[in-house]
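Input: a single structure, listed below in structure tokens.
If you're wondering where the values come from, they're calculated on a predicted model, not measured in any experiment.
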Amino acid sequence: MQLADILHINNCKAVRSSLSSTPDPETDLVNMNGPKHKFCTKLSSTYLRKWWITIVVAAALIIGGIVVACEFTVLIDAVVDRMVALRPGAKTFGWWAKPPVEPRISLYIYNVTNADDFLSNGSKAIVDEVGPYVYSETWEKVNIVENDNGTLSYNLRKIYSFREDLSVGPEDDVVIVPNIPMLSATSQSKHAARFLRLAMASIMDILKIKPFVQVSVGQLLWGYEDPLLKLAKDVVPKEQKLPYEEFGLLYGKNGTSSDRVTVNTGVDDIRTYGVIDNFNGRTHLPHWTTDACNTLAGTDGSIFPPHIDHDRILHVYDKDLCRLLPLVFEKEVMTSNEVPGYRFTPPEWVFADVDSHPDNMCFCPAGKPSCSPNGLFNVSLCQYDSPIMLSFPHFYLADESLRTQVEGISPPMKEKHQFFFDVQPKMGTTLRVRARIQINLAVSQVFDIKQVANFPDIIFPILWFEEGIDNLPDEVTDLMRFAEQVPPKIRVALIVGLCTLGVILLLLSTFCLIRNSHRQSTLHLEGSNYLATAQVDMNKKQNKDNQPARY
């Protein structure tokens, strides 16, 4: 209350006091209806109006607290959406184009130790897991073009550098593994005309091709000259030739990929952030029997649409997987940088047989006989019809019989062999990855080809690898930690501050109004009694004056 108001109220009190001390009722009646009394009434009205305004302000503060409680998260989500969307020149765009991380790939090779016994005596194959052989990677998206429909197109450049300091030995280490080009050719010829199989046997005899090869680790991965591929180059029609002259499991991958990938930026619709729009011009794969199984609507695994909850199913596409890989929530995790995340893993049914999971029937293009055994996925349609089967390492989540077809493979362990992504749910950024896959060869016995006549029908493991990242740089994790921790604290502070201030003002103004109302009632009652008494006295005086004088 201002000083002037206090002085005016004191003046009103003085007027009221003077009215009480005035003995003349007529004078009192004049004073109660005079200009000073009207001024006091007006002042009292102004005083009350201020407290009513205070009540309105208090109510507004409380309502503001409720609005913050309900809508503050929406506002923060909108800020995050704008921040993560792929806009050229933005910091997040730079991180996406050239990730500030050092991914690594560790490879473990199944070295066959009894190849001759296996072929000659029908003994069970014995393998010795050799590894890891570690390569550091640098990733960069090049030839980036911004399209008019809210997408970006690019080529991916991957550079591998051998890390002997993290490996069990040099790339020159020698291993014995199945001859994949040869066994692929013989398995494919199983249902061909007999004379073709006999001709193939003669060619292999002349070229001295054997079911197992002795190569270095570097050759197995990056390529070696294979006589069958060299022959195919000369005799196969141009339109049917393979796009490589050497064989290697990672052949042609050390450099810039020719695959053109187009992804959504998320600027127009954050729900499509990072999702593939087309791959080499295709919006769907051509291999499987339904659109749902052919869809490419997933990300490359580095980013996902933000605001992820436990019920969300994430999807990752990699050309070598030959399909979209679903990932489901497993548990909440905390990184070494204290950034909370969600762990997503492939569901147990992802490589299940059709008896266990009928929806996987769409991955059997030639009907049920072409379906993979439980725990395997046939990628031959993406590998030039080579009978390549993918599984998780050590046949994790697969039938036990697959692992025991050979000796030397220990039982799978979830901690060492599980495939998972740790994702920051607020921003949709991948925190930690362990993409673990095993490459197997499905060999078919062909009696007419003497070189493999004793090679039984078997799923033969070749190697398994673990590709991923351990952590992100502090610059990235600091932003994630801020986005995860600070907004909720600001929200709570605003809710508590606004509501507390509003309640205090409301209680104070209510108390003052009640107190003032009581005071006004008292003053009104005193004034009414005084006026009534004055009126009675006046009436008595008038009656006395009107009476005739007695002499």
Backbone N/O of [Y] and side chain of [X]: donor-acceptor pair under 3.5 Å:
{"X": "S184", "Y": "S386", "answer": "no"}
{"X": "T295", "Y": "D291", "answer": "no"}
{"X": "D318", "Y": "D320", "answer": "yes"}
{"X": "T430", "Y": "G301", "answer": "yes"}
{"X": "T256", "Y": "V142", "answer": "no"}
{"X": "R403", "Y": "I409", "answer": "yes"}
{"X": "N280", "Y": "R260", "answer": "yes"}
{"X": "Q405", "Y": "I459", "answer": "yes"}
{"X": "T272", "Y": "V275", "answer": "no"}
{"X": "D128", "Y": "G408", "answer": "no"}

One thing to verify: whether R434 and E415 come together as a salt bridge, which I'm taking to mean a side-chain N less than 4.0 angstrom from a carboxylate O.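 Looking at E415 and R434, the cut-off is not met.
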
Would you call K253-E137 a salt bridge at under 4.0 Å N-O?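 Looking at E137 together with K253, the answer is no, because their closest N to O distance does not fall below 4.0 Å.
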
Answer yes or no: is there a side-chain heavy-atom contact under 4.5 Å between [X] and [Y]?
{"X": "S380", "Y": "I388", "value": "no"}
{"X": "R312", "Y": "I308", "value": "yes"}
{"X": "F392", "Y": "H417", "value": "no"}

Under 3.5 Å, is there a donor-acceptor pair between the [X] and [Y] side chains?
{"X": "N149", "Y": "T151", "answer": "yes"}
{"X": "H394", "Y": "S410", "answer": "yes"}
{"X": "E330", "Y": "Q418", "answer": "yes"}
{"X": "H307", "Y": "D81", "answer": "yes"}
{"X": "Q383", "Y": "D385", "answer": "no"}
{"X": "D309", "Y": "Y342", "answer": "no"}
{"X": "T262", "Y": "N147", "answer": "no"}

As a quick check of understanding, evaluate side chain to side chain contact (heavy atoms under 4.5 Å, CB included) for L107 and L249, giving each step before the final call. CA-CA 11 Å; L107 300 108; L249 294 174; over 6 Å; no

Between [atom1] on residue [X] and [atom2] on residue [Y], distance to nearest 0.5 Å:
{"X": "I462", "Y": "I439", "atom1": "CD1", "atom2": "CD1", "answer": "8.5 Å"}
{"X": "S106", "Y": "L166", "atom1": "OG", "atom2": "CG", "answer": "8.0 Å"}
{"X": "N360", "Y": "S372", "atom1": "CG", "atom2": "OG", "answer": "9.0 Å"}
{"X": "R343", "Y": "D422", "atom1": "CZ", "atom2": "CG", "answer": "4.0 Å"}
{"X": "W288", "Y": "C364", "atom1": "CH2", "atom2": "SG", "answer": "8.5 Å"}

Can a cation-pi geometry be assigned to R436 and F419, taking NZ or CZ under 6.0 Å from the six-membered ring centre and within 45° of the ring axis?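 No, cation not above the ring by the 6.0 Å, 45° rule.
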
Using the six-membered ring of F377, assess whether NZ or CZ of R323 lies under 6.0 Å from its centre and within 45 degrees of the ring axis.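 Cation-pi check for R323 and F377: passes.
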
Set out, in order, the CA-CA distance, both residues' side-chain angles and the distance that settles side chain to side chain contact (heavy atoms under 4.5 Å, CB included) for V316 and F421, then state yes or no. CA-CA 10 Å; V316 174; F421 277 70; 4.3 Å; yes

Would you check if the distance from the ring center of [X] to the ring center of [Y] is below 6.0 Å?
{"X": "Y108", "Y": "F465", "result": "no"}
{"X": "H310", "Y": "F329", "result": "yes"}
{"X": "Y135", "Y": "W222", "result": "yes"}
{"X": "Y273", "Y": "F304", "result": "no"}

Would you call the rings of F212 and F460 parallel, tilted or perpendicular, where under 30° means parallel and over 60° means perpendicular?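 F212 and F460: perpendicular rings.
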
Q438 vs Y110, test: side-chain hydrogen bond (donor to acceptor under 3.5 Å, both in side chains). Steps then yes/no. CA-CA 10 Å; Q438 181 170 297; Y110 294 111; 2.8 Å; yes

Would D300 and K141 count as a salt bridge (charged side-chain N to carboxylate O under 4.0 Å, His left out) if you check the C-alpha gap in whole Å, the side-chain angles of each, and the deciding distance to 0.1 Å? CA-CA 12 Å; D300 65 355; K141 297 174 177 70; 3.7 Å; yes

Side chain to side chain contact (heavy atoms under 4.5 Å, CB included) for V84 and I270? Distances and angles first, verdict last. CA-CA 9 Å; V84 303; I270 199 64; 3.9 Å; yes

Has D165 got more than 12 heavy atoms of other residues, nucleotides or ligands less than 6.0 Å from its CG?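 Counting neighbours around CG of D165, more than 12 heavy atoms of other residues, nucleotides or ligands fall under 6.0 Å, so yes.
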
Residues, nucleotides or ligands: over 12 heavy atoms within 6.0 Å of E102 CD: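 More than 12 heavy atoms, drawn from other residues, nucleotides or ligands, come within 6.0 Å of this atom.
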
Does the pair I159 and N254 meet the rule for a side chain to side chain contact (heavy atoms under 4.5 Å, CB included), with working shown? CA-CA 5 Å; I159 304 298; N254 197 356; 4.0 Å; yes

